[in-house]
Amino acid sequence: MNKKIFEQEKEYLNGVLKIIDKKKIQNTKKIEKNQTEIQNAKKYFTTYYYEINNDELSNINLQIENFEQQNSVLSNENIRLTKQKKNPYFGRFDFQEKGNETPQQFYIGLGAIQNDNQNYVYDWRADICSLYYDDSLGKTSYSCQDGTVEGDLKLRRQFKIENGNLSYYLDSKMLIDDDILMEQLSQNATSKMHEIVSTIQKEQNILIRSDDFSNTIVQGVAGSGKTSVAMHRVSYLLYKYRKTLKNEDILILSPNELFSDYLSEVLPSLGEDKSFTITFSSLAKRLLGQDFETREQMLERVISNQSQKDFENIAIKSSFEFLNDLKKFLKQDLCNLFIPKPLVFGNVVISKEELEDIFFEKMKNLSVYKRIDVLSEYITEKFRLSQNSRADLQKRAKKILYNKFVTNDLLKIYNLFLGSVGLEEIQSISAYDIAPILLIKENMFGLKHNFDAKYVIIDEMQDYTPCHFYLFNKIWDCGKLFLGDINQSIDRTLPESYLINLAKSTNSKIKYLSRSYRSTMQISLLSQKILGKHIANNVNRNGEEVEFFRTKNPAKKIEEIVTNYEKTHSGQSIAIMCKTTDEIKLLQKSNPFIKKFKELNKGKINSKKIITTPALAKGVEFDCVIVPFANEATYHNELDRNLLYVSSTRALHKLFFISDKTPTHFLKKKSKVNKS
């Protein structure tokens, strides 16, 4: 590190810090001035209430509204500047545009810092800042509103700034496996996902900055930053398309409430309001209006029982063939449940033949509810009525027409479909029945909802079936980003061909994230050994070896491991990753020490000691993970392999396996297993 350059960079930093203070003072004064104007306007309104005409009243209200909006923007900027003062920027690049004699310096940070119309720090989302993430030094270009700008990237510099003090800088040709990235990855896990703007890698940046709103599937290995990419993409889109895209226009479909809470601080840390997040279970409850088995309940049942019948049922109902059969049923058999009969309304008679012609012939390409809409409109047209009376009659006509169906009961209709494809009828709705039943409801009655969006992000895509994806297209007629990892499917096995078929059925492109950033090299390699295939390229972050223990008292061994670990790793998060809740209860009963560990459920991650299952912990990470009962009796088939893989990839720095019997063959390795 050059001392002269260090002093120059220090001087620049001090200048930026002064600008931040100056800007905050200016904003505060402006807020106070606006507040005075608001009070004056309100006082004027009160004093001259009886003399003010409507136009003047509108102007006063508009002035107050404008001042309040300005104050909101200024207050938010001050909050952002206060936070950014600790670390005003994290990088610098020098770019010499083609035709210019000298390069220009660009400092890049979480948000822009300006003074007298001059940029001292650029927002990481600005078009030109893509150069910092995308390219090595030399000839390059970037795209902006004016087209493509060519030039020469002369310098890329990274900074370590803490609490407004410059610790060091690094000049690098590329942003791969650099010291600052390694330092970030070595940090402890937190209860919230955090922003990664200073360490975004090239393959992540391409996805974040894509201006393509069409459907995209992102298949990413564990720890590749899939969800971080999605959240930073939201921030980028809200920045670039701020005139046409608002927070409420983007919807995030999250796997569970716990994960929603885990994501809750990412967008605010990036200077954006939270987008609307909902789980599929919550969405289905509103749309279906009746009870059903949640995915969490289904997983607990299936993983605990390991029933071949359950596995076969899941395999069938999660197949593309099942969806195709359902589509045929909706197009043909569902319509045949309508039994038209003559309708008599006083002097108005509508024959059976008329109804048949409209419903089965003229409207044959429409869904049932649209055919009923057309028929009810046709009936209403026979009368010469006022608009209000027409609406009432049309509503009554719909009710009469729906009564002409053999049944309107969704569960009965679904059972008719199951019978038509040789499957058993159901008495209650399981997790894999929800989407097909909702598709029947959509075709039969339409789905009325207030979940409109211009862009939808669907995380943990491997948890959904082709029926779900077909349903998503019915609910949201907009671009979607699907993210997940087929290797983390824990209730069925998904081959590579599944992605290709999914891309075809959803009209999507497939993008891959194959570089893993979460775990140490030791944990990542062992996780892939469990999976039985090499799927990830790892950052070169070395750590402690994975440890294996064989003991007749797993609960006591866990207490020993945790006690020793905390002596040298104080403040780090530790998770006991059990296969099922029965295992959790067994450990809690065996040792009071384990009762100190909090269970993950629909609540928040508000403890450093967690006991949970891989089904609930997907997407979340911990400093240390302990997997008990890692024996052949517990983990023996392909789905168990995936469960063990998910558990192991939750660990950032340290991983322990405990076996009370013969260790599962997924973990067999040359190193000796410790016995106690």
Side-chain angles (χ1 to χ4, degrees), residues 193 204 207 210 212-231 233-234 250-256 258-260 262-263 277-284 294-296 298-299 314-315 317-320 322-323 431-432 434-436 438-439 453 455-476 478-514 535-536 614-620 639 642 645-646 649:
M193 180 175 283
Q204 297 172 330
L207 287 168
S210 172
D212 186 355
F213 280 78
S214 60
N215 291 352
T216 304
I217 292 170
V218 177
Q219 159 60 31
V221 298
S224 59
K226 298 180 292 293
T227 307
S228 287
V229 165
M231 301 304 286
R233 175 156 177 73
V234 171
I250 299 178
L251 183 142
I252 301 168
L253 194 67
S254 177
N256 52 50
L258 176 74
F259 197 61
S260 296
Y262 184 60
L263 300 178
T277 304
I278 192 170
T279 65
F280 178 73
S281 182
S282 299
L283 177 74
T294 64
R295 178 169 174 79
E296 288 76 22
M298 179 274 294
L299 287 173
I314 289 171
K317 292 181 179 179
S318 62
S319 67
F320 288 97
F322 184 81
L323 172 60
Y432 275 97
I434 301 168
L438 280 173
L439 284 169
Y455 195 65
V456 176
I457 292 172
I458 297 170
D459 208 351
E460 300 292 346
M461 66 179 181
Q462 71 277 1
D463 291 353
Y464 301 108
T465 69
C467 282
H468 284 100
F469 291 107
Y470 189 61
L471 175 66
F472 297 152
N473 280 337
K474 294 287 184 182
I475 299 173
W476 297 295
C478 63
K480 301 172 195 70
L481 180 64
F482 307 109
L483 307 109
D485 179 11
I486 57 174
N487 299 298
Q488 294 185 60
S489 176
I490 56 178
D491 55 351
R492 56 201 164 117
T493 302
L494 298 177
E496 287 290 332
S497 59
Y498 176 81
L499 287 175
I500 297 169
N501 291 329
L502 182 61
K504 288 179 181 177
S505 69
T506 57
N507 193 26
S508 302
K509 296 168 297 186
I510 306 175
K511 303 291 183 181
Y512 293 90
L513 290 175
S514 57
I535 59 169
L616 277 174
K618 279 198 297 182
V620 187
L639 290 177
N642 288 4
Y645 173 72
V646 171
T649 54

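Only this structure's heavy atoms are used, side chains among them; waters, hydrogens and symmetry mates stay out.
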**Q** When rounded to the nearest 0.5 angstrom, what is the spacing between CD1 in Ile252 and CG in Asp459?
**A** 9.0 Å
**Q** I need the minimum non-hydrogen distance between Leu251 and Ala453, along with the two atoms involved.
**A** CB-CB, 4.0 Å
**Q** Could you pull out the closest heavy-atom pair between Thr465 and Ser318, with the gap in Å?
**A** CG2-CB, 3.6 Å
**Q** Okay, side chain of Thr649, backbone of Val646: is any donor-acceptor separation there less than 3.5 Å?
**A** yes
**Q** Taking all non-hydrogen atoms of both residues into account, name the closest pair between Gly225 and Gln204 and its distance.
**A** CA-NE2, 4.1 Å
**Q** Between Lys511 and Lys509 (side chain of the first, backbone of the second, donor and acceptor by atom type, cut-off under 3.5 Å), is there such a pair?
**A** no
**Q** If I take atom CZ from residue Phe280 and atom CG from residue Leu438, how far apart are they, to the nearest 0.5 angstrom?
**A** 6.0 Å
**Q** Do you know which two heavy atoms are closest between Ser281 and Thr294, and how far apart they sit?
**A** OG-CG2, 3.8 Å
**Q** What's the verdict on side-chain contact (heavy atoms from CB on, under 4.5 Å) for Leu481 and Ile458, showing C-alpha distance, side-chain angles and the deciding distance?
**A** CA-CA 6 Å; Leu481 180 64; Ile458 297 170; over 6 Å; no
**Q** Treating Lys226 as the side-chain partner and Val221 as the backbone partner, does any N or O pair qualify as donor plus acceptor under 3.5 Å?
**A** yes
**Q** Side chain of Arg492, backbone of Gln462: donor and acceptor closer than 3.5 Å?
**A** yes
**Q** Indicate yes or no for a side-chain donor-acceptor contact from Glu296 to the backbone of Asn256 under 3.5 Å, with no hydrogens or angles considered.
**A** no
**Q** What is the minimum heavy-atom distance between Arg233 and Asp212, and which atoms define it?
**A** NH2-O, 3.2 Å
**Q** So, the side chain of Asn642 versus the backbone of Ile490: is there a donor-acceptor pair under 3.5 Å, distance only?
**A** no
**Q** Applying side-chain hydrogen bond (donor to acceptor under 3.5 Å, both in side chains) as the test, list every pair that has at least one member in residues 498-507; sequence neighbours left out.
**A** Thr506-Ser508
**Q** Less than 6.0 Å separating the ring centroids of Tyr464 and Phe472?
**A** yes
**Q** Go through the steps to decide whether Leu483 and Thr227 satisfy the test side-chain contact (heavy atoms from CB on, under 4.5 Å), and finish with yes or no.
**A** CA-CA 7 Å; Leu483 307 109; Thr227 307; 6.0 Å; no
**Q** Excluding sequence neighbours, so at least two apart, what forms salt bridge (charged side-chain N to carboxylate O under 4.0 Å, His left out) with Asp463?
**A** Arg295, Lys618
**Q** For the CG atom of Leu494 and the CD atom of Gln488, what is their distance to the nearest 0.5 Å?
**A** 11.5 Å
**Q** CG/Asp491 to CD1/Ile314 distance, rounded to the nearest 0.5 angstrom?
**A** 5.0 Å
**Q** Provide the closest heavy-atom pair for Cys478 versus Val456 in the form atom of the first, atom of the second, distance.
**A** SG-CG2, 3.8 Å
**Q** Can you list the steps and then say if Ile457 with Lys480 is a side-chain contact (heavy atoms from CB on, under 4.5 Å)?
**A** CA-CA 6 Å; Ile457 292 172; Lys480 301 172 195 70; over 6 Å; no
**Q** Could you state the interatomic distance from CE (Met298) to OH (Tyr432), rounded to the nearest 0.5 Å?
**A** 4.5 Å
**Q** Measure the shortest side-chain to side-chain distance between Pro255 and Thr279 over non-hydrogen atoms and say whether it is less than 4.5 angstrom.
**A** no
**Q** If you apply the rule side-chain contact (heavy atoms from CB on, under 4.5 Å), what do you find for Ser254 with Ile278, and how did you get there?
**A** CA-CA 6 Å; Ser254 177; Ile278 192 170; over 6 Å; no
**Q** Would you call Phe469 and Leu502 a side-chain contact if the rule is heavy atoms closer than 4.5 Å?
**A** yes
**Q** What is the distance from atom OG1 of Thr216 to atom CD1 of Ile510, rounded to the nearest 0.5 Å?
**A** 10.5 Å
**Q** With a 4.5 Å cut-off on side-chain heavy atoms, are Val218 and Leu207 touching?
**A** yes
**Q** Going by the side chain to side chain contact (heavy atoms under 4.5 Å, CB included) test, name the single residue among Leu499, Leu253, Asp485 that passes it with Met461.
**A** Leu499
